[in-house]
There are 2 protein chains.
Amino acid sequence: MSAPSHLDRAPSLADVLAHRLEHDIAQGHYAPGEKLPSEQQLATTYGVSRPIVREAIGRLKHDGLVTSRQGSGAFVAESGGASVFRLDVSNFKDRQEIESLIELLMAIESSATELAAQRRTDQDLIAIGNQLEAMQAAIERGDSGVDEDVAFHQAIVEATKNPFFMDLSTFLDRRVRHFIRTARANTAKLQTGHMMAVQDEHRDIFNAIRDRDAQGARQAAENHLKQAAQRLAIYMKPV
Amino acid sequence: MSAPSHLDRAPSLADVLAHRLEHDIAQGHYAPGEKLPSEQQLATTYGVSRPIVREAIGRLKHDGLVTSRQGSGAFVAESGGASVFRLDVSNFKDRQEIESLIELLMAIESSATELAAQRRTDQDLIAIGNQLEAMQAAIERGDSGVDEDVAFHQAIVEATKNPFFMDLSTFLDRRVRHFIRTARANTAKLQTGHMMAVQDEHRDIFNAIRDRDAQGARQAAENHLKQAAQRLAIYMKPV
DNA sequence: ATAACCAAGTTGCCTGACAAGATGGCAACT
DNA sequence: AGTTGCCATCTTGTCAGGCAACTTGGTTAT
């Protein structure tokens with residue numbers, strides 16, 4: 001079935017070529033705006049076939065590092081560097097990586113909560129309140145409430161109206177939530193006492209947002225995330 | 001939302017196919033761990049050739065959405081969602097987007113400064129101090145000092161030892177700096193008075209980091225970024 | 001000199017083919 | 001029977017060659 005015993009699969013030729021070109025561009029070997037060699041030429045110099053070159057270049061195009069014009073050639077993108085940022089998270093649960101990820105999540109979420117308090121519309125507030133109630137219902141139902149927890153934070157982030165916050169938060173929440181799930185499967189320890197605390201912290205955040213108290217919202221969010229990180233630490237295996 | 005409405009260029013077949021598969025996976029049309037149709041099959045069903053299918057799937061692999069095993073097939077990745085986050089920034093001067101970007105930058109940078117104050121080694125402090133002096137030299141030289149400014153912040157972020165902060169900050173700094181450069185080319189207005197203020201704010205940050213005053217570092221950073229945003233607003237064209 | 005034009009180069013895409021790895025079933029053996 | 005070993009078959013990875021659409025720069029004709 002799954003059992004993804006990921007031995008490092010051999011990198012494909014397109015992989016190594018893409019990385020090589022990427023490296024050459026970053027190193028300034030090809031200047032911005034410069035035309036890079038034709039596919040045929042790259043194929044011969046690197047000893048691979050043209051489809052491989054196409055795949056590699058296609059990847060760079062996708063990452064905004066080069067743009068190509070039919071009939072003309074491929075050019076490395078101007079405007080210093082890529083127009084898309086890639087955040088690679090190795091699926092592997094490396095403790096260090098998870099902690100770094102959580103730090104980033106805390107930074108994003110606390111700022112987002114502050115902004116949400118400043119900008120929330122009445123509709124935003126209603127949405128956040130609904131998620132708060134959904135969380136309450138989950139608790140009384142005896143559910144894990146992880147999904148509702150995430151939804152609550154998502155509703156807050158959406159009130160910022162900042163797409164970057166929204167996207168990043170979605171991604172990070174997903175990641176961390178996934179980590180929690182897999183980790184919890186090992187320890188299998190339910191903590192209903194914790195959830196009451198979570199809900200109290202959530203309520204503080206909600207009240208601050210309701211009152212448009214930006215500073216208070218930030219502090220409430222920081223407090224909540226700090227507590228959450230501590231609760232989470234239980235699931236972390238000691239190194 | 002992130003409609004790739006690249007007006008300049010018609011989307012390639014691989015593009016549309018990749019987006020389509022991406023959409024199907026996100027929509028749950030293909031479950032995690034499920035094997036998706038063979039390349040040949042996809043080629044016939046979508047009416048394109050196998051190389052195109054390969055390119056599209058290669059892109060999804062690159063983004064961590066699917067994994068493929070030679071001889072077996074391609075499977076959509078487990079672990080809820082992608083393992084890489086893509087932040088697409090349309091290269092061009094959309095005021096809304098720049099403001100959102102700057103907000104994100106402020107969130108990252110102020111948190112990073114706080115962390116840096118907690119974790120800095122003596123070596124980190126020296127590196128940051130060096131950049132501070134370089135900035136001073138640039139001012140006295142009459143330079144723009146944008147590069148030195150960025151380098152100062154980079155040195156701080158590196159002191160966090162958090163790779164995600166480092167990478168994201170690098171990207172955002174690059175983007176914003178690029179915006180400043182192009183915008184400044186229009187207004188072409190040098191502001192030596194501003195730079196003295198910048199330097200003062202930088203010094204406050206430095207001192208707080210030196211004293212390991214996390215709270216003070218955060219406040220100094222927030223103050224600096226707030227001021228910087230206001231100075232930057234000059235370059236923003238009214239909508 | 002200027003304008004139309006054509007040939008070479010380049011990307012976008014296709015067909016066909018072979019090698020390497022994986023899978024499932026069939027046959028042989030215990 | 002149950003297990004083991006082998007093989008046909010499928011799938012991905014890679015290659016070769018070729019045609020169409022487009023860009024570019026020089027050449028020719030006016």
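To find a chain, count down the sequence lines: A is the first, B the second, and so on, and within it residues start at 1.
- Summarising the local packing, CD of A:E34 is surrounded by more than 12 heavy atoms from other residues, nucleotides or ligands at distances under 6.0 Å.
- Straight-line distance from the CG atom of A:L42 to the P atom of C:dT11: 8 Å, rounded to whole Å.
- Comparing A:G71 and A:I52, the nucleotide of DNA chain D nearest to each residue sits closer to the 5' end for A:I52.
- For the pair B:S38 and A:S49, both in contact range of DNA chain D, the more 5′-proximal nearest nucleotide belongs to B:S38.
- Regarding A:R54, its CZ atom lies at a distance of 18 Å from the P atom of D:dG17, rounded to whole Å.
- In this structure, CZ in B:R54 is found 11.5 Å from OG in B:S49, a value given to the nearest 0.5 Å.
- Each of D:dT24, D:dT12, D:dC15 was ranked by its minimum atom distance to the side chain of A:V48; first place goes to D:dC15.
- In this structure, A:E39 atom CD and D:dA16 atom P are separated by 15 Å, rounded to whole Å.
- Residue B:R50 places no side-chain atom within donor-acceptor reach of the base of C:dG16, judged by atom type and a 3.5 Å distance cut-off alone.
- For the pair A:L13 CG and C:dA20 P, the computed distance is 13 Å after rounding to whole Å.
- Using a 4.0 Å cut-off, some side-chain N or O of A:K61 falls inside it from OP1 or OP2 of C:dG12.
- Between A:D15 atom CG and D:dT14 atom C1' there is a gap of 14 Å when expressed in whole angstrom units.
- Here D:dG13 presents its C1' atom at 13 Å from CD1 of B:I57, a figure rounded to the nearest Å.
- Counting heavy atoms of neighbouring residues, nucleotides and ligands inside a 6.0 Å radius, atom NZ of A:K226 does not exceed 12 of them.
- Contact record, B:A18 with B:R59: CB-CD, 4.2 Å, taken as the closest heavy-atom pair.
- The aromatic rings of B:F85 and A:F171 sit tilted relative to each other, their planes meeting at an angle between 30° and 60°.
- One interatomic measurement links the two molecules: CD of A:Q70 to P of C:dC14, which rounds to 12 Å at whole-angstrom precision.
- Distance CD (A:Q40) to C1' (C:dT11): 12 Å, rounded to an integer number of Å.
- Pair assignment for C:dG16: D:dC15, on the basis of Watson-Crick or G-U wobble contacts that are both within less than 3.5 Å.
- The residue among A:P51 and A:S72 whose nearest nucleotide of DNA chain C is located toward the 5' end is A:S72.
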